[in-house]
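Note sheet for the following structure.
Owing to the predicted nature of the structure, the values given are computational and were not obtained by experimental measurement. Position 1 is the first residue of the sequence, and the numbers go up from there.
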Amino acid sequence: MTLAVQHVSKQFGGLMAVADVDFVVNPGEIVGVIGPNGAGKTTLFNLITGVLPPSSGQVVYKAQPLAGVKPHKITELGIARTFQNIRLFGHMTALENVLVGAHCRMKAGLWPGIFRSAAQRAEEQAVREKAQELLTLVGIGEEADTIASNLPYGKQRRLEIARALASDPDLVLLDEPAAGMNESETEDLQALIKKIRAMDKAVILIEHDMGLVMNICDRLVVLNFGKKIAEGTPGEIQDNPEVIEAYLGKEEA
């Protein structure tokens, strides 16, 4: 088991944003987290990655409880994420953005960095080569020297995924990666997520594109008003009356 979310809740004053949510993610599995706007999906990601502490319950990654662990340490443990609102370093090149993601895996310390030792130079070169490979993996290898803010929206989404992969995670959290993409870009994204799984990584996917989640996810967790209302295979979820009601509303008598 890669991740266990154990009866996690998050309360903001009188608002229960996440209420007693419980599920697991296994190695190499793609789990979709879906639900209407305001269902608590991104708050759940913030709880998993240490951005927010849970009000109750706990998140366990590879048998290690994450309570009190800082977000950058959670990244070092092997969890990486993208964001609903793209958070790139807009003034830096695509390659430089990916290098930032790889920083937590670099071993050279202060003095080798200052004096540019042979070991430090070799590590830097290896990291740059890996960053270029990741840009190629996500389909923007030719954009390595392009300033991030100058990239089209879809390519910025891909760059954010490359930066997340640069930390060499075992679990990748993708927050609405298909948002703003056209049909062709979404098909390419689906292929990319399959490639990520083939790299022996687990994926948790928040997404509103039902075609994408139904095609690619092994299991779905459905949230509504912060509560888990269903969990199962895509086939089980699409026929679940409570899920249909959450999305479409109860039919008037």
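- Here CG of D239 is found 9.0 Å from OG1 of T233. Values are rounded to the nearest 0.5 Å.
- In this structure K228 satisfies the salt bridge (Lys or Arg N to Asp or Glu O under 4.0 Å) test together with E231, sequence neighbours excluded.
- A donor-acceptor pair is defined here as one N or O able to donate and one able to accept, closer than 3.5 Å; such a pair exists between the side chain of E185 and the backbone of N182.
- Looking at V100 and N97, their side chains never come closer than 4.5 Å, going by heavy atoms from C-beta outward.
- Under the 4.5 Å side-chain criterion, counting only non-hydrogen atoms from C-beta, I34 is not in contact with I206.
- In terms of modelled atom types and a separation under 3.5 Å, the side chain of K201 and the main chain of G28 share no donor-acceptor contact.
- The distance from the CD atom of E176 to the CG atom of L212 is 11.5 Å, given to the nearest 0.5 Å.
- Between Y153 and G180 the shortest heavy-atom distance is CE2-CA, 3.8 Å.
- When the side chains of ILVMFWY residues are joined at heavy-atom separations under 4.5 Å, either directly or via intervening members, V221 and M16 end up in two distinct hydrophobic clusters.
- V213 has its side chain within reach of L205: a pair of non-hydrogen atoms, C-beta onward, lies under 4.5 Å apart.
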Pair Q6, F23 - check side-chain contact (heavy atoms from CB on, under 4.5 Å), show working.
CA-CA 7 Å; Q6 300 176 338; F23 67 95; over 6 Å; no

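- L3 pairs with exactly one of V31, D170, I48 by the side-chain contact (heavy atoms from CB on, under 4.5 Å) rule, that one being I48.
- Considering only heavy atoms from C-beta on, P65 stays 4.5 Å or farther from V59 through its side chain.
- Listed by chain and number, the residues in a salt bridge (Lys or Arg N to Asp or Glu O under 4.0 Å) with D218 are R197 (sequence neighbours excluded).
- Of the N and O atoms on the side chains of E160 and Q156, not one donor lies less than 3.5 Å from an acceptor on the other residue.
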I would like to know whether L223 and I229 meet side-chain contact (heavy atoms from CB on, under 4.5 Å); could you show each step before the answer?
CA-CA 6 Å; L223 302 183; I229 61 171; over 6 Å; no

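- Side-chain contact between T75 and S167 is present, with at least one heavy-atom pair separated by less than 4.5 Å.
- At distances below 3.5 Å, at least one donor-acceptor pair connects side-chain atoms of E96 with backbone N or O atoms of T93.
- Summarising the geometry, atom CD belonging to Q58 is positioned 9.0 Å from atom CG belonging to L66; distances are rounded to the nearest 0.5 Å.
- Side-chain heavy atoms closer than 4.5 Å link hydrophobic residues (I, L, V, M, F, W, Y) into clusters, and following such links, possibly through other members, connects Y61 to L52.
- No donor-acceptor pair under 3.5 Å is formed between the side chain of S149 and the backbone N or O of H91.
- Side chains of D22 and V8 form no contact here, defined as non-hydrogen atoms less than 4.5 Å apart.
- Within a 6.0 Å sphere centred on CZ of F83, other residues, nucleotides and ligands contribute more than 12 heavy atoms.
- Under a hydrophobic-cluster definition in which Ile, Leu, Val, Met, Phe, Trp and Tyr are linked whenever side-chain heavy atoms come within less than 4.5 Å, directly or via other members, I147 and I86 are assigned to different clusters.
- For P169 against L165, the heavy-atom pair with the smallest separation is CD-O, 3.5 Å.
- For the atom pair CG (L171) and NZ (K62), the distance works out to 9.0 Å, reported to the nearest 0.5 Å.
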Start with the C-alpha distance between L189 and M181, add both sets of side-chain angles, then the distance that settles side-chain contact (heavy atoms from CB on, under 4.5 Å), and finish with yes or no.
CA-CA 9 Å; L189 174 65; M181 289 187 174; 4.1 Å; yes

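- Looking only at distances, a side-chain donor or acceptor of E207 sits under 3.5 Å from a matching main-chain atom of A178.
- Surrounding CZ of R128 are at most 12 heavy atoms belonging to other residues, nucleotides or ligands under 6.0 Å away.
- The CG atom of N215 sits 8.5 Å away from atom CG of D209, with the distance rounded to the nearest 0.5 Å.
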Using a 3.5 Å cut-off and no angle test, enumerate the donor-acceptor pairs between side-chain atoms of residues 35-47 and protein atoms at least two apart in sequence or in another chain.
| unit_1 | atom_1 | unit_2 | atom_2 | d |
| --- | --- | --- | --- | --- |
| N37 | OD1 | H208 | NE2 | 3.2 |
| K41 | NZ | G35 | O | 3.0 |
| K41 | NZ | P36 | O | 3.0 |
| T42 | OG1 | Q84 | OE1 | 3.2 |
| T42 | OG1 | D175 | OD2 | 3.0 |
| N46 | OD1 | R81 | NH1 | 2.7 |

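- No donor-acceptor pair under 3.5 Å is formed between the side chain of N26 and the backbone N or O of E29.
- Residue M1 belongs to a hydrophobic cluster whose other members are V24, with links defined by side-chain heavy atoms closer than 4.5 Å.
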Walk me through whether S9 and V18 qualify under side-chain contact (heavy atoms from CB on, under 4.5 Å).
CA-CA 5 Å; S9 298; V18 174; 5.5 Å; no

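- In terms of modelled atom types and a separation under 3.5 Å, the side chain of N240 and the main chain of E236 share no donor-acceptor contact.
- Cluster membership check: V222 does not share its hydrophobic cluster with F225, using side-chain heavy-atom separations under 4.5 Å among Ile, Leu, Val, Met, Phe, Trp and Tyr.
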Quiz: residues 136-145 side-chain donor-acceptor pairs under 3.5 angstrom, not counting sequence neighbours:
| unit_1 | atom_1 | unit_2 | atom_2 | d |
| --- | --- | --- | --- | --- |
| T136 | OG1 | Q132 | O | 3.1 |
| E143 | OE1 | T146 | OG1 | 2.8 |
| E143 | OE2 | K155 | NZ | 2.8 |

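- Expressed to the nearest 0.5 Å, how far CD of E183 lies from CG of D188 amounts to 11.0 Å.
- Across all their heavy atoms, A94 and L159 have their closest contact at O-CD1, 3.4 Å.
- Between K130 and D168 there is no salt bridge, since none of the side-chain N atoms of the basic residue sits less than 4.0 Å from a carboxylate O of the acidic one.
- Residues passing the salt bridge (Lys or Arg N to Asp or Glu O under 4.0 Å) test with D20: none are found, sequence neighbours excluded.
- A single hydrophobic cluster is seen to contain both I30 and M214, as judged by linkage of ILVMFWY side chains at heavy-atom distances under 4.5 Å, directly or through other members.
- Although no hydrogens or angles enter the test, the distance criterion places a donor-acceptor pair under 3.5 Å between the side chain of K10 and the main chain of P53.
- The minimum heavy-atom distance linking V21 with G226 is given by the pair CG2-O, 3.5 Å.
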